[in-house]
Amino acid sequence: MFVGALELDVLLGDVHSLKQKRSAVKPVVAELRRRFEVAVAEAGHLDLHRRALIGVAAVAADAEHVRDVLVACERLVAGRPELELLSARHRLVGPEDE
């Protein structure tokens, strides 16, 4: 079993309140969950209205599949015009990492 985690640090465009931030982040989280069947949550920068840290997790029997899913998630977020992807951090844990 392999577990992959992805942290996406994003800058939001024309957002002036936490309510507007939720309106911008929620559809991205929902689309990632729906398209890639991954666990997703807003996991950081909760008190900043123009920044968000989106956490993505995937589990599979094959490490390459986990990597491919996380890369696809990163591409989806990077391609959103209302967001600027500041950084992406990938992690993979497998049986040899016990």
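As the structure is a computational prediction, the values presented were derived from the model and not from experiment. Every heavy atom of this structure was used, including side-chain atoms; hydrogens, water molecules and symmetry mates were not.
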Task: Expected output: side-chain Glu31 to main-chain Pro27 donor-acceptor under 3.5 Å - done: no
Open item on the list: Side chains of Leu12 and Lys21, heavy atoms from C-beta outward: is any pair under 4.5 Å?
Closed with: yes
Open item on the list: How long is the straight-line distance from CD of Glu7 back to CD of Glu74, given to the nearest 0.5 Å?
Closed with: 12.0 Å
Open item on the list: Using side-chain heavy atoms (C-beta onward) and a distance below 4.5 Å, is Val28 in contact with Glu82?
Closed with: yes
Task: Side-chain donor-acceptor pair present, Asp47, His45, cut-off under 3.5 Å - done: no
Task: Val10 and Leu86, any side-chain heavy atoms less than 4.5 Å apart - done: no
Task: Lys/Arg N to Asp/Glu carboxylate O, Glu42 vs Arg22, below 4.0 Å - done: no
Open item on the list: Nearest 0.5 angstrom please: Leu8 CG to His90 NE2, how far?
Closed with: 7.0 Å
Open item on the list: Given 3.5 Å as the limit, does a donor-acceptor pair link the side chain of Arg33 with the main chain of Val40, or not?
Closed with: yes
Task: Minimum-distance pair of heavy atoms, taken over all atoms of Cys73 and Val38 - done: SG-CG2, 4.3 Å
TODO: Determine whether Leu85 and Val29 fall in the same hydrophobic cluster, where Ile, Leu, Val, Met, Phe, Trp and Tyr are linked whenever their side-chain heavy atoms lie under 4.5 Å apart.
DONE: yes
TODO: Could you pull out the closest heavy-atom pair between Gly55 and Ala43, with the gap in Å?
DONE: N-CB, 4.2 Å
TODO: Report yes if the side chains of Phe2 and Leu92 come closer than 4.5 Å at any heavy-atom pair, otherwise no.
DONE: yes
Task: Within-4.5 Å side-chain heavy-atom neighbours: Lys19 and His49 - done: no
TODO: Look only at the side chain of Arg50 and the backbone of Leu11, and say whether a donor-acceptor pair between them is shorter than 3.5 Å.
DONE: no
Task: CG on Asp62 to CZ on Arg67, rounded to 0.5 Å - done: 8.5 Å
Task: Flag side-chain contact, heavy atom, 4.5 Å: Asp9 against Ile54 - done: no
Open item on the list: Does any part of the side chain of Leu32, heavy atoms only, come nearer than 4.5 Å to the side chain of Leu76, both counted from C-beta?
Closed with: yes
Task: Hphob cluster co-occupancy, Phe36 + Leu70, side-chain heavy atoms under 4.5 angstrom - done: yes
Open item on the list: Which heavy atom of Ala52 sits nearest to which heavy atom of Val25, and what is that distance?
Closed with: CB-CG2, 3.9 Å
